[in-house]
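Read through the structure below, which is laid out as structure tokens, and then see the notes.
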Amino acid sequence: MRLGITMFATDLTMAPHELARAAEERGFASLYVPEHTHIPVSRKTAPPTGAESLPEEYARTLDPLVSLAAAAVTTERIVLGTGILLPAQRDPIVTAKAVATLDRLAPGRVALGVGYGWNVEEGADHGVPWKRRRAMAREHVLAMRALWTDEQASFKGEFVTFYASWSWPKPSGRVPVLLGGAPGPTLFAHIAEYGDGWLPIGGAGIRDALPGLRRACADAGRDTVPVIPFGTLPTPEKLDHYAALGIEEVVLRVPGGDRDAVLPVLDGYAREYL
């Protein structure tokens, strides 16, 4: 089983490129970093953690693609991923260019973890119609796929339209798009249509959800896709459980702190699980 790492990277934590290098040196397979462009002060939207207040780290996140570009030039093997990027809040033409450029720095080592978002106020500041955010995220990803693959790319949809255009660089291969979110028919239908895997946050309930994911993939005429439990706090029993389900990669969580807080945890994971 491959093991990756994720950290809530901020301006107060260990730098992502330093963490990527440390993780690669210890034998970890991937590094994922999150995204929030900003956090409105209004707390009309309850924190996703269930806590009364939103942790400060949400307002201090670094740009994930810039962070991973720095990691790309300091590493050689580790997969560099977003966990998660919010495509509905991003211009798809600009983001497609940024992701393709990142792949040029780290050919074949980029994974795009995406999600729909939870913060209504944050989405509103980007002009996201909240009840349509899933459809908007889908279109933005499909538009990026067109720019990555077609020599003269065009797209016409509800939220994105552009006419025949040139856009280089092209990624070195298919950029895997991994969808995060709670299990359900809509998420699984989207994964089956345009995704390359599922990133269940924390990993609880995967066994019960797997039949639904397999059905959605079968209905779309494709093989089932990888499941990568994300942000897991590992135990031997938990990893054995995932292995028994056929899961081949798990992304472990390290604390969002400085080197003195992060490296001992990373070393502990390496000693016990690698």
Side-chain angles (χ1 to χ4, degrees), residues 6-13 15-16 31-70 80-99 102 110-145 157-161 175 177-184 186-187 190-191 194-195 198-202 230-231 251 253-257:
T6 186
M7 181 184 74
F8 220 113
T10 77
D11 60 327
L12 301 178
T13 66
L31 172 71
Y32 288 80
V33 293
E35 171 172 63
H36 281 285
T37 55
H38 68 301
I39 293 293
V41 173
S42 167
R43 283 275 49 83
K44 292 179 182 177
T45 304
T49 59
E52 291 186 8
S53 60
L54 189 68
E56 184 184 15
E57 62 188 5
Y58 281 81
R60 306 191 77 107
T61 53
L62 305 179
D63 181 276
L65 299 180
V66 175
S67 298
L68 295 176
L80 304 170
T82 56
I84 58 174
L85 177 139
L86 301 168
Q89 297 182 182
R90 283 179 160 263
D91 180 288
I93 300 173
V94 174
T95 304
K97 173 78 76 173
V99 172
L102 176 60
V110 177
L112 197 66
V114 303
Y116 303 128
W118 60 268
N119 191 315
V120 178
E121 298 92 273
E122 180 183 358
D125 287 347
H126 288 284
V128 177
W130 195 246
K131 292 185 178 180
R132 298 286 292 152
R133 70 190 186 281
R134 292 174 177 81
M136 194 174 193
R138 169 186 172 274
E139 273 197 16
H140 283 200
V141 172
L142 293 175
M144 289 193 289
R145 279 265 183 244
E158 179 182 354
F159 305 102
V160 184
T161 296
V175 176
V177 174
L178 312 171
L179 275 70
T186 299
L187 176 69
H190 282 206
I191 292 172
Y194 67 88
W198 177 32
L199 289 177
I201 308 302
F230 186 82
V251 178
R253 187 191 338 158
V254 297

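We count residues from 1, following the sequence as given.
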Rounded distance (nearest 0.5 Å) linking atom NE2 of H140 with atom CG of L85: 11.5 Å

R145: salt bridge (charged side-chain N to carboxylate O under 4.0 Å, His left out) partners, not counting sequence neighbours: D196

Residue pair A9 / V33: nearest heavy atoms and the distance that separates them: CB-CG1, 4.2 Å

Whether W198 side chain and G181 backbone form a donor-acceptor pair below 3.5 Å: yes

Close side-chain approach of V175 to V99, heavy-atom, < 4.5 Å: yes

Approximate separation, where rounding is to 0.5 Å, of I201 CD1 and R253 CZ: 10.0 Å

E35 side chain to L86 backbone, donor-acceptor under 3.5 Å: yes

From CD (Q89) to CG (D125), nearest 0.5 Å: 9.0 Å

For A88 against V128, the heavy-atom pair lying closest together: O-CG2, 3.4 Å

Shortest non-hydrogen separation from P47 to S53 and the atoms involved: CG-C, 3.9 Å

Minimum heavy-atom distance R133-G117, with the two atoms named: NE-O, 3.3 Å

Residues that A111 engages under side chain to side chain contact (heavy atoms under 4.5 Å, CB included), provided they are two or more places apart: Y32, V79, P176, L178

For L179, all residues meeting side chain to side chain contact (heavy atoms under 4.5 Å, CB included), sequence neighbours excluded: V114, Y116, V177, L187, H190, I191, Y194

Summary of salt bridge (Lys or Arg N to Asp or Glu O under 4.0 Å) pairs that have at least one residue in residues 134-143, sequence neighbours excluded: R138-E193

Value rounded to 0.5 Å, distance of NE2 in H126 from CG in N119: 9.5 Å

Side-chain (T82) to main-chain (G113) donor-acceptor, under 3.5 angstrom: yes

Check: E57 side chain, T10 main-chain N or O, donor-acceptor pair, under 3.5 Å: no

Atom pair CG (L199) and CD1 (I84), whose distance is rounded to the nearest 0.5 Å: 8.0 Å

Note, V141 side chain near P92 side chain (heavy atom, < 4.5 Å): no

With Y58 via ring pair (Phe, Tyr, Trp, His ring centres under 6.0 Å) - residues at least two apart: F8, H36, W118

Distance-minimising heavy-atom pair for A143 and V160: CB-CG1, 3.9 Å

Side chain to side chain contact (heavy atoms under 4.5 Å, CB included) involving V120 - partner list, sequence neighbours excluded: T45, W130

Closest non-hydrogen atom pair between L65 and D63, with its separation: N-OD1, 3.0 Å

